[in-house]
Amino acid sequence: MNRIVLLFLISNTFYFKVFGCECSTETLEKEINETAVIFIGKAITVSTEDGYENRTTFEVLETLKGEFKNEMTVVSESYSSSCGYSFDIDSLYIVFGRFNNLGEYEIRTNLCTRTGRISRSTDLIRKLKKLGNEINSINLIDTHILYNEIWKDEKFIWTDEYSELLLSNSEELDLIDSSLTYCEPDSTCLQNKTDSLKWINRKNKIIVGFEVNQFGETSNFFVFPNRNTNKHCQEIAIQFVKTLKPWKPATIKGIKVRSNGYYEVDFSKCKSR
């Protein structure tokens with residue numbers, strides 16, 4: 001079924017293609033397993049070696065996985081096209097670091113990890129802290145305990161199966177014809193932005209985001225993007241998406257979890273204008 005526009009639309013997501021960097025999706029559990037060091041720190045110095053790699057030294061404020069040190073140096077490629085992550089001095093980050101392929105004690109990170117600014121990572125940090133002392137042995141935690149007890153009611157960006165609207169195409173078209181009022185949204189706000197965003201604002205279409213809980217119930221509706229778009233059309237789009245049901249919840253290892261869902265409201269499908 002068409003309709004779900006996944007999370008690579010959001011600027012704060014982790015796995016997508018950006019300026020030549022291609023990443024694969026991983027659940028949080030898998031990334032924790034494959035990460036040697038996870039810490040919260042402030043970037044204090046940045047140096048560039050041969051123009052290809054940046055070495056950033058952090059004042060470590062808290063270690064969530066791995067051995068605690070007062071300072072840690074993290075290596076990343078200099079260019080985003082090579083998946084390099086650039087840090088700003090005096091800014092706070094959560095860093096997911098892995099040892100290099102040579103097995104040497106050199107911590108590396110890139111755009112394909114969940115490394116990010118603290119301001120954008122509060123939900124992620126909360127999930128990690130819920131693991132407590134078990135974070136270093138997360139691979140030993142029973143799946144049902146992890147998602148039904150430790151991470152109960154948490155929302156997950158990346159899942160094994162995404163939420164899905166359980167309507168046939170004909171049922172969906174009937175609902176559009178009977179419930180969606182035609183509107184003409186202004187869809188030009190990102191025409192001159194990067195190629196990766198141009199397609200978001202196609203004529204007569206508005207993308208509505210929301211949460212889908214473990215029971216397939218939807219809430220917290222919003223419009224993406226939310227600027228330079230006809231406000232009246234936004235309201236119509238949101239009200240229409242609220243009528244869509246039932247939804248199949250997202251799952252991780254067969255466990256139903258909370259996640260984000262997206263639906264593209266296409267006003268051009270309305271029969272009556």
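Between S168 and E171, the side chains place a donor N or O and an acceptor N or O closer than 3.5 Å (distance only, hydrogens not considered). Side-chain contact, N54 with E77: no donor N or O sits under 3.5 Å from an acceptor N or O.
Looking at W247 and T218, their side chains come closer than 4.5 Å, going by heavy atoms from C-beta outward.
Remark: SG of C112 is not found under 2.5 Å from SG of C21.
Applying the side chain to side chain donor-acceptor pair (under 3.5 Å) criterion to T143, with sequence neighbours excluded, gives no partner residue. Residues satisfying the side chain to side chain donor-acceptor pair (under 3.5 Å) test with T109, not counting sequence neighbours, are T113, T115.
A ring pair (Phe, Tyr, Trp, His ring centres under 6.0 Å) check over residues 23-49, counting only residues at least two apart or in different chains, returns the pairs F39-F58. The disulfide (SG to SG under 2.5 Å) analysis of residues 116-184, with sequence neighbours excluded, yields the pairs C183-C233. Within the structure, ring pair (Phe, Tyr, Trp, His ring centres under 6.0 Å) pairs that include any residue of residues 115-136 do not occur (at least two apart or interchain).
The hydrophobic cluster of Y79 has no other members, since no ILVMFWY side-chain heavy atom comes under 4.5 Å of it.
K256 and E161 are not joined by a salt bridge, as no carboxylate oxygen comes within less than 4.0 angstrom of a charged side-chain nitrogen. Salt bridge absent: R114 and E26 never bring a charged side-chain N and a carboxylate O closer than 4.0 Å.
Aromatic ring pairs are classed by plane angle as parallel below 30°, tilted from 30° to 60° and perpendicular above 60°; the pair W158 and Y162 is perpendicular.
For the residue pair K65 and T35, the shortest heavy atom distance occurs at NZ-O, 2.7 Å.
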